[in-house]
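Everything numeric here is computed off the predicted structure, so don't read it as measured data.
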Amino acid sequence: MKRTLRKLVFIEPKSTHLHIYSRVCIPRLGSVLLATLMRNKGYDVRVYIEDIHAIDMNEVFSADLVAISAITSTAPQSYRLADQVREAGGVVVMGGTHVSFLTEEALAHADFVVRGEGEFAFQELVDAIQAGTGFEKIQNLSYLVGGRVVHNPERAKIPNLDVNPIPDYSLITGWKRGGVISVATSRGCPFSCTFCSVPGMYGHAFRTHSIGRVLDELQLHKGNFYTFFADDIFTANKKRVKDLLRGMIDQGLTTEWGAQVRTETVDDPELLQLMRDSNCFNVYVGFESINPRTLKLFQKKQDLAKIERSIERFHAHGIKIHGMFVVGSDEDDVETIDATADFALKQDIDSIQFMIMT
């Protein structure tokens, strides 16, 4: 396949039903980061996050290549869109968590799937299409050859995330300053919870942006309403996160913020104090279950006492809690769901999310 590629369109379709991003649109970073990389290489790029602005299909059909990102709740929409683009003769590349794990499913709708971290694979793929060379050397890439699925080998995870540019939100169609922004300061999680997609997607190695680079990014976003730190686990390195929070306080970058953390965060009083002083609005905590057998099955390394202590301490510091629970493990029954709802009400958790084990 050799084609001249000038115009690239990146799309985050929206879900057809309620999901975690329905009430507040928290932009995911994959599409806008790839678009920033390709704009910097001289391409004409468009980014559509459908929760922010409707997709302009004229723009989509006029693109030389369309890159579609999918999480599980947006996969049906993503596949429908991919089918439309291919019927019109366009090239479709898919990426994101859902298609990284269900690659064969995605290849029924896309020409290429980029698995896991996509920055280098995507650039190499575009170069290969332009040059008309083969795809066999592009790690993390999957595609079809004569109806047979080819999965190229995995590539090593990016050790120093500062090689990536700061995502340029102005590339997002319909984007207006003053809303919710996402900032990723790290990737990966050192824990091994058995139900979780993070280790498969981003690995166990905890990799980071430098603190200076994160502060520069926050400076660019000054004036926005809320910052979501999109890290898999924001407080994995406590010394680093304390240095970051002190930097935010020193530079006046204390817009209300939230991040995903584990229950152990509350065991460090200095960290809790810095979170409060830097204007932490809420934390997203993976409690996962109140069923001790399920917690053991998940290898979560926490118990009910730890969960209750974390709720009490976050609330004592004026930090709201978004409690995340997974229901439907082999150790759960219908009573578990009722007990979890009762627990959340009794503990006065500010908002909760039930994920169905899939």
Side-chain angles (χ1 to χ4, degrees), residues 12-28 51 70-78 96-98 100-102 180 182 189 191-201 226 228-235 258-266 281-315 319-358:
E12 285 271 4
K14 69 179 178 185
S15 174
T16 51
H17 53 280
L18 284 171
H19 69 143
I20 182 56
Y21 300 104
S22 297
R23 189 170 168 198
V24 178
C25 175
I26 299 177
R28 295 185 293 286
D51 282 317
I71 56 175
T72 300
S73 63
T74 64
Q77 278 294 81
S78 298
T97 319
H98 186 85
S100 292
F101 292 107
L102 293 170
V180 175
S182 297
C189 179
F191 295 92
S192 305
C193 305
T194 56
F195 63 89
C196 185
S197 63
V198 167
M201 189 75 183
Y226 174 89
F228 174 66
F229 287 112
D231 303 38
D232 302 311
I233 175 164
F234 183 61
T235 50
Q260 298 188 100
V261 303
R262 281 176 59 99
T263 52
E264 297 93 331
T265 303
V266 301
F281 172 77
N282 68 339
V283 284
Y284 302 75
V285 189
F287 296 129
E288 317 313 356
S289 183
I290 60 163
N291 179 348
R293 297 188 308 281
T294 294
L295 288 169
K296 191 174 174 198
L297 184 70
F298 285 172
Q299 293 180 14
K300 188 66 195 176
K301 298 186 172 61
Q302 71 184 22
D303 56 25
L304 203 52
K306 229 179 184 180
I307 291 173
E308 288 173 340
R309 185 170 75 245
S310 71
I311 294 168
E312 187 268 316
R313 289 195 190 164
F314 280 129
H315 278 163
I319 296 169
K320 294 183 187 299
I321 297 166
H322 178 75
M324 301 183 289
F325 296 91
V326 177
V327 293
S329 92
D330 291 348
E331 295 288 358
D332 285 348
D333 50 31
V334 175
E335 285 73 30
T336 309
I337 298 173
D338 287 334
T340 306
D342 290 343
F343 175 83
L345 288 165
K346 182 165 145 275
Q347 293 289 328
D348 205 21
I349 300 176
D350 303 273
S351 60
I352 63 166
Q353 163 189 349
F354 287 115
M355 302 279 220
I356 302 166
M357 184 81 160
T358 307

Novice: The test is side chain to side chain donor-acceptor pair (under 3.5 Å); show your working for Thr97 and Ser197 and say whether it passes.
Specialist: CA-CA 8 Å; Thr97 319; Ser197 63; 5.5 Å; no

Novice: Hey, what do you get for CD1 (Ile337) to CG (Asp342), rounding to the nearest 0.5 Å?
Specialist: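 If I round to the nearest 0.5 Å, the distance is 12.0 Å.
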
Novice: Which word best sums up how the rings of Phe281 and Tyr226 line up, parallel for under 30°, tilted for 30 to 60°, or perpendicular for over 60°?
Specialist: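 Plane angle over 60°, so perpendicular.
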
Novice: In Å and rounded to the nearest 0.5 Å, what is the OG1 to CG distance from Thr263 to Leu304?
Specialist: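 Rounded to the nearest 0.5 Å, the OG1-CG separation comes to 11.0 Å.
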
Novice: Could you tell me which non-hydrogen atom of Gly96 sits nearest to which non-hydrogen atom of Met201, and how far apart they are?
Specialist: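 Gly96 and Met201 have their closest heavy atoms at C-CE, 3.7 Å.
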
Novice: If we only count heavy atoms from C-beta on, is the Phe325 to Ile290 side-chain gap below 4.5 Å?
Specialist: yes

Novice: Within the supplied structure, the quantity of interest is the number of heavy atoms (other residues, nucleotides, ligands) at a distance under 6.0 Å from Ile356 CD1; does it exceed 12?
Specialist: no

Novice: Report the distance from atom CG of Asn282 to atom CZ of Phe228, rounding to the nearest 0.5 Å.
Specialist: 9.0 Å

Novice: Should Glu331 and Phe298 count as side-chain neighbours, where that means a heavy-atom distance under 4.5 Å?
Specialist: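 Answer no - side chains too far apart.
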
Novice: How long is the gap from NZ on Lys14 to CD on Gln77, to the nearest 0.5 Å?
Specialist: 8.5 Å

Novice: Got Phe343 and Ile311 here, is their nearest side-chain heavy-atom distance under 4.5 Å?
Specialist: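 Yes, at least one pair of side-chain atoms sits under 4.5 Å.
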
Novice: List the atom of Thr340, the atom of Thr336, and the distance in Å for their closest heavy-atom pair.
Specialist: OG1-O, 2.6 Å

Novice: When you compare the side chain of Arg28 with that of Ile71, does any pair of heavy atoms fall below 4.5 Å?
Specialist: yes

Novice: Should the ring pair Phe234 and Phe229 be called parallel, tilted or perpendicular, given that the plane angle runs from 0 to 90° and is split at 30 and 60?
Specialist: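 Plane angle under 30°, so parallel.
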
Novice: Which value, rounded to the nearest 0.5 Å, describes the distance between Asp333 atom CG and Asn291 atom CG?
Specialist: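 The CG atom of Asp333 sits 7.5 Å away from the CG atom of Asn291.
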
Novice: Might you work through the side chain to side chain contact (heavy atoms under 4.5 Å, CB included) test for Glu12 and Asp51, ending with a clear yes or no?
Specialist: CA-CA 8 Å; Glu12 285 271 4; Asp51 282 317; over 6 Å; no

Novice: Would you say CG of Asp330 has more than 12 non-hydrogen atoms from neighbouring residues, nucleotides or ligands within 6.0 angstrom?
Specialist: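 For Asp330, atom CG is not crowded (no more than 12 foreign heavy atoms under 6.0 Å).
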
Novice: Taking all atoms of both residues into account, what is the closest heavy-atom pair of Ile307 and Ser289, and its distance?
Specialist: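 Result for this residue pair: CD1-O, 3.5 Å.
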
Novice: Please tell me if the side chains of Met355 and Gln353 come closer than 4.5 Å, counting only heavy atoms from C-beta onward.
Specialist: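 Yes - at least one pair of side-chain heavy atoms lies under 4.5 Å apart.
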
Novice: Any donor-acceptor pair under 3.5 Å linking the side chain of Ser15 with the backbone of Ser73?
Specialist: yes

Novice: Search all heavy atoms of Ala230 against all heavy atoms of Ser182 and return the closest pair with its distance.
Specialist: CB-CB, 4.4 Å

Novice: Check Ser310 against Ile321 and note the closest heavy-atom contact, atom names and distance.
Specialist: O-CD1, 4.5 Å

Novice: Does any part of the side chain of Gln260, heavy atoms only, come nearer than 4.5 Å to the side chain of Met324, both counted from C-beta?
Specialist: yes

Novice: Tell me, do Thr294 and Glu288 make a side-chain contact under 4.5 Å, heavy atoms counted?
Specialist: no

Novice: How far does CG of Asp348 sit from NZ of Lys320, to the nearest 0.5 angstrom?
Specialist: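 Reported value, rounded in 0.5 Å steps: 9.5 Å.
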
Novice: Quick check: closest heavy atoms across Thr74 and Pro13, and the distance to 0.1 Å?
Specialist: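 Heavy atoms only, the tightest pair is CG2-O, 3.4 Å.
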
